[in-house]
Amino acid sequence: EGSGNGPAEDSTISSNNSGARSPKEAVLEAVRQDARALSTASKALRADSDVVLAAVRQQGYMLQYASEELQADKTVVLEAVKNHGGALQFASQELQGDADVVLKAVTHSGLALQYASAALRANKKIALEAVRADGLALRFVDTEVSRDREVVLA
């Protein structure tokens, strides 16, 4: 009739069943259908780069649900800001000070400049890109740089 090992044996068998989906596979499928599924994923899956990348490639602001480690992962953050510049607000402080990341973010959304480090808000190249993308970004440009005629006219 049975081995008498009860539910523990059953769960082991079902988790080894090649037809069963792992929690990661289930969440990946859900995230591919709707990136917002990341918001209800387990802490472990919000720390899984495959799952998080699938979400941020669709909706960059899903970076807010990623683990701190992935919010500090340049590859993940670049994908997020490429999709939605404002996702920069959820990036680690270090990446908010990374010129590559910030430039990608402000190219897509000039207003993302508000989440950049002070040093990068004072960077003329980044300020120009931000203001070209959205003139309202001028209010987030460092005071000294905002007096530059080229930046004002961008």
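Atoms considered below: every heavy atom in the structure, side chains included; atoms not considered: hydrogens, waters and symmetry mates.
Looking at Q71, its side chain does come within 3.5 Å of a backbone N or O of L63 through a donor-acceptor pair. Proximity of a side-chain donor or acceptor of Q64 to a complementary backbone N or O of Y61 within less than 3.5 Å is detected. Checked by atom type and distance alone, the side chain of E69 never pairs as donor or acceptor with a backbone atom of A47 at under 3.5 Å. Side-chain atoms of D34 never come within 3.5 Å of backbone atoms of A37 as a donor-acceptor pair (strictly under, hydrogens ignored).
Side-chain contact between V51 and R46 is absent, with no heavy-atom pair separated by less than 4.5 Å. Looking only at side-chain heavy atoms (C-beta outward), N83 and V56 stay at 4.5 Å or farther from each other. Side-chain contact between R36 and Q59 is present, with heavy atoms from C-beta onward closer than 4.5 Å. Counting only heavy atoms from C-beta outward, the side chains of D100 and K74 approach each other to under 4.5 Å. Counting heavy atoms from C-beta on, the side chains of D134 and S109 never come closer than 4.5 Å. Residues R32 and L28 are in side-chain contact: their nearest non-hydrogen atoms beyond the backbone lie under 4.5 Å apart.
Salt-bridge formation is detected for the pair R132/E129: a Lys NZ or Arg NE/NH1/NH2 atom is positioned less than 4.0 Å from an Asp or Glu carboxylate oxygen.
Atom CD of Q58 sits about 12.0 Å away from atom CG of L53, to the nearest 0.5 Å. Taking CD of E94 as the reference point, atom OG of S117 lies at 11.0 Å (rounded to 0.5 Å). Here the CZ atom belonging to R121 is positioned 11.5 Å from the OH atom belonging to Y115, to the nearest 0.5 angstrom. Separating the NZ atom in K24 from the OG atom in S42 is a distance of 11.5 Å, to the nearest 0.5 Å. Distance check, rounded to the nearest 0.5 Å: CG of L111 to CG of L138 gives 11.0 Å. Summarising the geometry, atom NZ belonging to K43 is positioned 13.0 Å from atom CG belonging to L45; distances are rounded to the nearest 0.5 Å.
Closest approach of G110 to A133, counting heavy atoms only: N-CB, 3.6 Å. In this structure, A91 and V77 approach most closely via the heavy-atom pair CB-CG1, 3.7 Å. Across all their heavy atoms, L38 and V31 have their closest contact at N-CG2, 3.8 Å. In this structure, A35 and A55 approach most closely via the heavy-atom pair CB-O, 3.5 Å. The nearest pair of heavy atoms linking A72 to S92 is CA-OG, 3.5 Å. Here the closest heavy-atom approach between residue I126 and residue L103 is recorded as CG1-CD1, 4.1 Å.
More than 12 heavy atoms of other shown residues, nucleotides or ligands fall within 6.0 angstrom of atom CD in E25.
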Pair K82-E79, salt bridge (charged side-chain N to carboxylate O under 4.0 Å, His left out): steps then yes or no: CA-CA 5 Å; K82 183 167 63 174; E79 286 294 325; 3.3 Å; yes
